[in-house]
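The structure displayed is predicted, hence computed values, not measured ones. Atom set for the values below is all heavy atoms of this structure, side chains included, hydrogens, waters and symmetry mates excluded.
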Amino acid sequence: MFRNVDIFIFVFDMKNENEELAKDLNFYQTCLSAICEHSPSAKVFCLIHKTDLVAQDQRKKLFEDRQNDLINISNPVNITCFMSSIWDESLYMAWSSIINRLNVQKPEETMDKFTSLMECNEVIV
């Protein structure tokens, strides 16, 4: 399952605390270990999601705390974290940034080949 992975994305619920957060972090570490073993060159991204459920004045601090925790437990793997919500452009900005880091030489040509192989008229990513 973790072989030949270019990008690994893990989504954390910003509101999760205590036991739920501990479970999330444990599962993340298990997945990250598998990624390191089977796809050591994979880029790792963490979305700290559902930011809209946290008071505006607490979001940045909570995000920075979570990000620092993730950086520490991910060491020596370099990770990139994004704050995200479905209620603003942050999720789209994160996804765009992740897609731009893919090792795709010419995405249009790749998508044209995929469209042809799938025998469809259009593919939307």
A.B. asks: To the nearest 0.5 Å, what is the distance between CD on Gln56 and CD on Gln58?
C.D. replies: 10.5 Å

A.B. asks: Under 3.5 Å, side chain of Thr30 to main-chain N/O of Asn26, donor-acceptor pair present?
C.D. replies: yes

A.B. asks: Can you find a pair of side-chain heavy atoms, one from Phe2 and one from Leu32, that are under 4.5 Å apart?
C.D. replies: no

A.B. asks: How long is the straight-line distance from OH of Tyr92 back to CD1 of Ile99, given to the nearest 0.5 Å?
C.D. replies: 13.5 Å

A.B. asks: Would Leu117 and Met111 show up in the same hydrophobic cluster when neighbours are defined by side-chain heavy atoms closer than 4.5 Å?
C.D. replies: no

A.B. asks: With side chains defined as the heavy atoms from C-beta onward, is the minimum distance between Phe82 and Leu91 less than 4.5 Å?
C.D. replies: no

A.B. asks: Under a 4.5 Å cut-off applied to non-hydrogen side-chain atoms, are Ile9 and Ile98 in contact?
C.D. replies: yes

A.B. asks: Check whether Arg3 reaches the backbone of Ser39 with its side chain - one donor and one acceptor, N or O, closer than 3.5 Å.
C.D. replies: no

A.B. asks: Would you call Arg101 and Asp6 a side-chain contact if the rule is heavy atoms closer than 4.5 Å?
C.D. replies: no

A.B. asks: Is there a donor-acceptor pair under 3.5 Å between the side chain of Ser74 and the backbone N or O of Leu70?
C.D. replies: yes

A.B. asks: State the CG-OG1 distance between Asn78 and Thr80, to the nearest 0.5 angstrom.
C.D. replies: 8.0 Å

A.B. asks: Do Phe63 and Met14 come close enough that some side-chain heavy atom pair is under 4.5 Å?
C.D. replies: yes

A.B. asks: Might you confirm whether atom CG of Asn4 has over 12 heavy atoms from other residues, nucleotides or ligands at distances under 6.0 Å?
C.D. replies: no

A.B. asks: Report, one line per pair, each donor and acceptor closer than 3.5 Å where one atom sits in a side chain of residues 45-55; sequence neighbours left out.
C.D. replies:
{"residue": "His49", "atom": "ND1", "partner": "Ser84", "partner atom": "O", "Å": "3.4"}
{"residue": "His49", "atom": "ND1", "partner": "Ser84", "partner atom": "OG", "Å": "2.7"}
{"residue": "Lys50", "atom": "NZ", "partner": "Asp13", "partner atom": "OD2", "Å": "3.3"}
{"residue": "Thr51", "atom": "OG1", "partner": "Ser84", "partner atom": "O", "Å": "3.3"}
{"residue": "Asp52", "atom": "OD1", "partner": "Ser85", "partner atom": "OG", "Å": "2.7"}

A.B. asks: Could you tell me the separation between the CG atom of Asp24 and the CD atom of Glu20, rounded to the nearest 0.5 Å?
C.D. replies: 7.5 Å

A.B. asks: Which pairs count as side chain to side chain donor-acceptor pair (under 3.5 Å) when at least one residue sits in residues 112-121, sequence neighbours excluded?
C.D. replies: none

A.B. asks: Roughly how far, to the nearest 0.5 Å, is the CD1 atom of Ile71 from the CG atom of Asn75?
C.D. replies: 9.5 Å

A.B. asks: Report yes if the side chains of Arg66 and Leu21 come closer than 4.5 Å at any heavy-atom pair, otherwise no.
C.D. replies: yes

A.B. asks: Determine whether Phe10 and Val44 make a side-chain contact, defined as any pair of heavy atoms from C-beta on separated by less than 4.5 Å.
C.D. replies: no

A.B. asks: Compare every heavy atom of Met83 with every heavy atom of Ser90, then report the nearest pair and how far apart it is.
C.D. replies: CB-O, 3.5 Å

A.B. asks: Side chains of Phe12 and Leu25: does their closest heavy-atom pair fall under 4.5 Å?
C.D. replies: yes

A.B. asks: Cluster question for you: counting only ILVMFWY and a side-chain heavy-atom cut-off of under 4.5 Å, with indirect links fine, are Ile73 and Ile35 together?
C.D. replies: yes

